[in-house]
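Notes to accompany the following structure.
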Amino acid sequence: MAKTVTDEPVSSKIEKFTFKASDFRNLLNKQEYKCYVTQRELTPETTFAEHIVPLRQGGKHTLSNICLVHEILYRLKRYHSIAEIIEMSADVIKTHGKKHGYQIKKSK
């Protein structure tokens with residue numbers, strides 16, 4: 001089930017990266033079964049591999065540029081309600097907001 005992708009256009013030298021099941025398991029362990037973005041608990045069924053630096057922003061298909069995220073981040077509004085997205089967003093702010101000048105307080 002490993003997917004092979006390339007770092008460079010077909011017209012140039014092709015370097016292949018294969019994301020293997022062992023890479024997936026190693027990342028789950030490295031991230032302590034927590035989502036890279038929210039720190040929510042991950043299971044193999046709720047986990048998606050994504051690029052840390054998106055490809056459209058210059059990221060590469062390399063193991064060092066792969067992180068594991070919760071499925072809600074992968075699918076967002078297409079499959080989840082606004083309430084679920086707000087709850088997930090609150091987790092993102094709790095986890096990373098302070099270093100970006102944000103904090104969150106529940107009003108009720």
Side-chain angles (χ1 to χ4, degrees):
M1 282 201 249
K3 184 177 178 182
T4 301
V5 292
T6 61
D7 283 330
E8 300 175 6
V10 176
S11 61
S12 63
K13 180 182 174 188
I14 295 177
E15 294 180 33
K16 294 182 180 182
F17 164 66
T18 303
F19 187 70
K20 302 174 189 144
S22 60
D23 295 327
F24 178 82
R25 285 189 302 275
N26 289 338
L27 275 175
L28 268 177
N29 286 324
K30 180 181 176 183
Q31 290 182 208
E32 299 178 352
Y33 284 74
K34 301 286 184 184
C35 173
Y36 181 82
V37 176
T38 65
Q39 295 298 298
R40 283 188 172 195
E41 191 72 25
L42 293 177
T43 66
E45 298 79 24
T46 63
T47 304
F48 283 80
E50 292 295 332
H51 293 94
I52 296 168
V53 177
L55 298 178
R56 64 187 182 104
Q57 294 178 0
K60 300 291 181 191
H61 287 296
T62 60
L63 184 57
S64 64
N65 191 39
I66 301 291
C67 66
L68 301 177
V69 297
H70 192 277
E71 70 178 331
I72 291 175
L73 292 171
Y74 176 73
R75 297 186 178 159
L76 275 178
K77 184 59 181 132
R78 183 172 180 183
Y79 295 103
H80 299 281
S81 70
I82 293 295
E84 290 171 317
I85 293 169
I86 289 169
E87 185 178 312
M88 180 65 70
S89 299
D91 287 346
V92 171
I93 294 168
K94 287 178 204 170
T95 301
H96 297 285
K98 191 172 186 175
K99 67 182 167 190
H100 296 281
Y102 293 93
Q103 63 180 355
I104 190 165
K105 294 178 185 178
K106 193 169 183 177
S107 61
K108 293 182 182 180

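These numbers come from the heavy atoms of this one structure, side chains and all, not from hydrogens, waters or symmetry mates.
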Is it the case that the side chain of Thr46 and the backbone of His70 share a donor-acceptor pair, with hydrogens and angles ignored and the cut-off at 3.5 Å? no
Using modelled atom types and a 3.5 Å cut-off, is there a donor and acceptor pairing between side-chain atoms of Gln31 and backbone atoms of Leu68? yes
Same apolar cluster (I L V M F W Y, side chains within < 4.5 Å links), Ile104/Tyr102: yes
Phe24 and Leu63: same hydrophobic cluster, using ILVMFWY side-chain contacts below 4.5 Å? yes
Side chain proximity check, [X] to [Y], heavy atoms < 4.5 angstrom:
| X | Y | value |
| --- | --- | --- |
| Asp91 | Gln39 | no |
| Asp23 | Ile66 | no |
| Arg56 | His51 | no |

Counting only heavy atoms not in Tyr36, do more than 12 sit closer than 6.0 Å to its OH atom? no
For Phe48, enumerate each residue passing the ring pair (Phe, Tyr, Trp, His ring centres under 6.0 Å) test, keeping only those at least two apart in sequence or located in another chain. Tyr74
So which heavy atom on [X] is nearest to which on [Y], and how close?
| X | Y | result |
| --- | --- | --- |
| Val53 | Asn65 | N-OD1, 2.8 Å |
| Cys67 | Ile52 | CB-CG1, 3.7 Å |
| Gln103 | Ile93 | C-CG2, 4.1 Å |
| Phe17 | Thr62 | CZ-C, 4.0 Å |

Worked verdict on Glu50 versus Val37 for side-chain contact (heavy atoms from CB on, under 4.5 Å): CA-CA 11 Å; Glu50 292 295 332; Val37 176; over 6 Å; no
What's the separation between atom NE2 in His96 and atom OG1 in Thr38, rounded to the nearest 0.5 Å? 7.5 Å
So salt bridge (Lys or Arg N to Asp or Glu O under 4.0 Å) across residues 24-37, not counting sequence neighbours, yields Lys34-Glu41
